[in-house]
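Chain naming here is simple, since letters A, B, ... match the order of the sequence lines and numbering starts at 1 in each.
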2 protein chains.
Amino acid sequence: MAGVTIYQVAREAGVSPSTVSNFLNGRPGRMLPQTRARVEAAIDQLGYRPNRAARQLRTGRIQVIGLVVPSVANPFWGNFARYLERAALADGYHVLLCNSEREPDRELRYLEELWGDGIRGVVLCSSLPSLEHVLPLVERGLGLVAFDRTAQAGDPPALVNISVDNVVGAHLATAHLLQLGHRRIAFVSGSLRSINRRERFRGFTNAFEQAGLDPAEAIIWSGNAEDEPYGDLDAAGLGRSAARDLLHGPDRPTAIVAINDMCALGVSAGVRDAGLRVGRDVSVVGFDDIVLADLAAPPLTTVRQPIADMATAAFRHLLARIEDPDGGPSQSLLLRPELVVRASTGPAPDPLE
Amino acid sequence: MAGVTIYQVAREAGVSPSTVSNFLNGRPGRMLPQTRARVEAAIDQLGYRPNRAARQLRTGRIQVIGLVVPSVANPFWGNFARYLERAALADGYHVLLCNSEREPDRELRYLEELWGDGIRGVVLCSSLPSLEHVLPLVERGLGLVAFDRTAQAGDPPALVNISVDNVVGAHLATAHLLQLGHRRIAFVSGSLRSINRRERFRGFTNAFEQAGLDPAEAIIWSGNAEDEPYGDLDAAGLGRSAARDLLHGPDRPTAIVAINDMCALGVSAGVRDAGLRVGRDVSVVGFDDIVLADLAAPPLTTVRQPIADMATAAFRHLLARIEDPDGGPSQSLLLRPELVVRASTGPAPDPLE
DNA sequence: TAGCCTTGCTGCATCGTTCCACCAGTAAAT
DNA sequence: ATTTACTGGTGGAACGATGCAGCAAGGCTA
């Protein structure tokens with residue numbers, strides 16, 4: 001418990017604790033160079049490190065932000081967490097990790113606890129349609145950056161949204177398939193409760209319309225009813241069973257748009273389960289471009305999210321909020337995704353074959 | 001900054017702050033039932049939540065543990081992080097996330113910062129052979145649970161090690177291949193600097209010896225020199241280039257043991273790059289059993305680590321250390337892994353074919 | 001009835017920082 | 001000569017919770 005305090009440093013340097021404190025955070029220019037040097041010397045001779053708890057108690061500030069993700073076990077979120085942590089670290093911030101498992105009440109409980117811990121900024125990766133439940137926290141002053149979710153009417157004020165343009169992304173993916181000659185295309189997702197899922201769905205139908213086709217011809221698979229558990233881990237399982245459902249009929253789709261890469265990998269597995277070849281008999285396209293997309297067999301065509309940029313932006317905006325809680329209005333940052341074509345998609349198979 | 005303090009609760013309940021404090025953590029039995037009821041009512045009427053900073057300042061305790069992993073972008077660590085967080089949450093603890101990227105100095109800097117934050121317990125996922133660099137911290141009282149690493153001579157005292165039995169695991173994997181008739185087997189790993197890699201290598205050679213074969217016949221691929229960057233993300237890339245190196249010669253191996261699943265997925269991709277079929281021309285076996293192992297094409301034969309159990313155990317041991325820093329000697333917990341046979345391994349191809 | 005224990009509660013110093021108010025000394029302005 | 005301004009500091013009251021020492025009131029023993 002060897003805690004070196006500011007008093008010991010002060011005594012060592014022959015100044016008052018106030019001066020040491022000034023050196024540490026007030027204005028280091030507010031003293032003679034010789035004094036500053038003595039303080040500096042004392043600090044690293046004693047190996048002094050400020051006690052964060054005391055500092056926090058006094059100032060109300062704490063150098064920690066919260067990160068609430070559905071589940072860090074999903075490589076997409078793991079990757080995001082890593083980049084966010086990197087950005088935070090560069091400014092001396094730490095990241096407290098929370099897995100909501102997509103349960104709204106858990107999400108709320110986390111936020112309340114974080115608030116109670118003195119944390120004033122959280123990156124919330126919730127794609128729940130409504131953020132109403134966190135409104136009280138935001139009103140009390142919690143800085144919130146919503147990731148992977150675009151602005152909605154009824155959102156709390158002063159909310160920053162950061163997301164990829166899901167409509168564009170899904171459009172890219174779908175147009176790619178249409179261009180390859182596919183017509184019987186399925187859209188596979190869990191329930192469409194979340195915003196980004198709905199947006200991706202919109203991009204999907206848009207692409208049909210733009211090609212002069214009727215979206216009603218598309219096949220929509222979104223699980224059985226609204227009540228299925230749709231954790232992120234199960235995205236793969238979901239895709240797999242979707243593929244099974246879709247492929248055993250006579251009028252099976254020749255291409256499948258999956259809601260994300262994990263789901264797409266599940267779909268691919270399901271395609272193989274059905275004795276078909278991915279990229280030849282059935283084209284599959286994902287969303288996210290997780291590391292494993294390139295490693296899959298065949299490598300997965302997918303829509304890449306610029307995740308490093310997004311993580312950095314998320315932190316920067318959050319920091320701005322924390323430092324100036326009343327600063328600026330709500331805003332949204334929408335990044336443009338990019339289609340990465342690999343081998344899981346190919347020309348539509350000849351129907352006569 | 002709407003902070004309800006213990007004083008307001010005390011006034012509301014008509015008692016002293018001390019009594020409220022006693023109710024909260026001292027002995028709630030130390031007061032009349034009626035008093036207790038009044039305090040309780042006041043607390044949830046005002047929505048009081050203790051200020052953790054103040055509590056920490058006073059007691060020196062904080063309900064946060066640190067988690068240092070190579071990189072949470074790796075699904076294995078992401079999954080571990082999730083289970084650890086779950087276990088911690090059940091006891092009211094939060095988890096601070098740190099990605100070391102396998103850089104020793106970064107690891108140390110993190111530990112020092114965590115200590116400075118008042119954190120007294122850390123789960124360290126470092127497989128550096130020596131833990132010497134953290135010795136000063138441990139001596140000052142930092143509770144340390146080393147994960148994915150077995151005990152070494154020269155380890156700090158009071159260290160708890162939790163790991164899977166890597167020797168047994170690699171043995172299982174290798175024996176499985178030998179039994180399938182493979183003889184030209186390659187072992188693919190990054191540099192063998194880390195302990196678990198060495199252990200897995202030992203299990204690999206053991207299996208050869210036990211089968212009455214000469215381990216010298218095996219092919220060892222461990223990157224080029226000791227200085228290659230071996231982040232966890234690159235495990236996949238590593239495997240891929242290993243496969244390329246190994247498979248273009250005339251005397252190519254018929255089976256490959258990869259150091260972990262990410263690496264194995266990379267190897268599989270490399271096998272395909274070479275125009276060969278995984279599980280038929282070349283068998284591949286991994287280690288960890290990440291979610292994606294089952295989704296790969298073909299599904300990956302691998303050695304499963306009981307990760308949920310390990311995460312729970314890690315937290316339990318850490319908690320015990322924190323609560324009683326001088327409690328008990330160093331100990332190691334070695335869990336038994338399990339071979340999961342899938343389709344990436346098959347009989348050795350007929351040499352005449 | 002004096003002495004002592006027990007129960008149920010309160011007073012208060014304390015943890016390590018911060019930061020506002022103040023102060024002594026010197027210099028420049030009036 | 002007095003006021004004003006600035007420089008380079010110091011003093012000390014918070015921040016909110018804790019937990020020891022202490023105290024009043026009642027009960028028990030001798």
Check whether any side-chain heavy atom of Leu96(B) lies under 4.5 Å from a side-chain heavy atom of Val64(A), and answer yes or no. yes

What does nucleotides 21-28 of chain D look like as a protein-contact string, B for base, S for sugar-phosphate only, - for none, at under 4.0 angstrom between heavy atoms? --------

Anything under 4.0 Å to a heavy atom of chain B counts; send over the first and last such nucleotide of DNA chain C, read 5' to 3'. dG8(C) to dG16(C)

Among Arg52(A), Arg49(A), Arg55(A), which one satisfies salt bridge (Lys or Arg N to Asp or Glu O under 4.0 Å) with Asp117(B)? Arg52(A)

Counting heavy atoms not belonging to Arg11(A), are there more than 12 under 6.0 Å from its CZ? no

Going by distance alone, is a donor N or O of one side chain under 3.5 Å from an acceptor N or O of the other, for Ser194(B) and Asn196(B)? yes

Quick one: ring pair (Phe, Tyr, Trp, His ring centres under 6.0 Å) pairs with a partner in residues 90-112 of chain B, sequence neighbours left out? Tyr93(B)-Phe315(B)

Readout for nucleotides 8-18 of chain D: B = base within 4.0 Å of protein heavy atom, S = sugar-phosphate only, - = neither; 5' to 3' it is SSBBBBBBBBB

The bend of the helix from dT1(C)-dA30(D) to dT30(C)-dA1(D), taken between the axes of its five terminal pairs at each end and rounded to 10°, is 60°

I'd like a table of donor-acceptor pairs (distance under 3.5 Å, sequence neighbours excluded) in which one partner is a side-chain atom from residues 29-47 of chain B, with atom names and distances.
from, atom 1, to, atom 2, distance (Å)
Arg36(B), NH1, Pro28(B), O, 2.6
Arg38(B), NE, Ala13(B), O, 2.8
Arg38(B), NH2, Ala13(B), O, 3.3

Salt bridge or not for Arg316(A) and Asp91(A), using N-O below 4.0 Å? yes

Hey, is CD on Gln152(B) packed in by over 12 heavy atoms from elsewhere, all under 6.0 Å? yes

Going by heavy atoms in the side chains, are Ile322(B) and Ile65(B) under 4.5 Å from each other? yes

Do other residues, nucleotides or ligands put more than 12 heavy atoms under 6.0 Å from the CD atom of Gln331(A)? yes

Check: Ala53(B) main-chain N/O paired with Asn51(B) side-chain donor or acceptor under 3.5 Å: yes

Leu89(A) side chain reached by Cys98(B) side chain, heavy atoms, under 4.5 Å: no

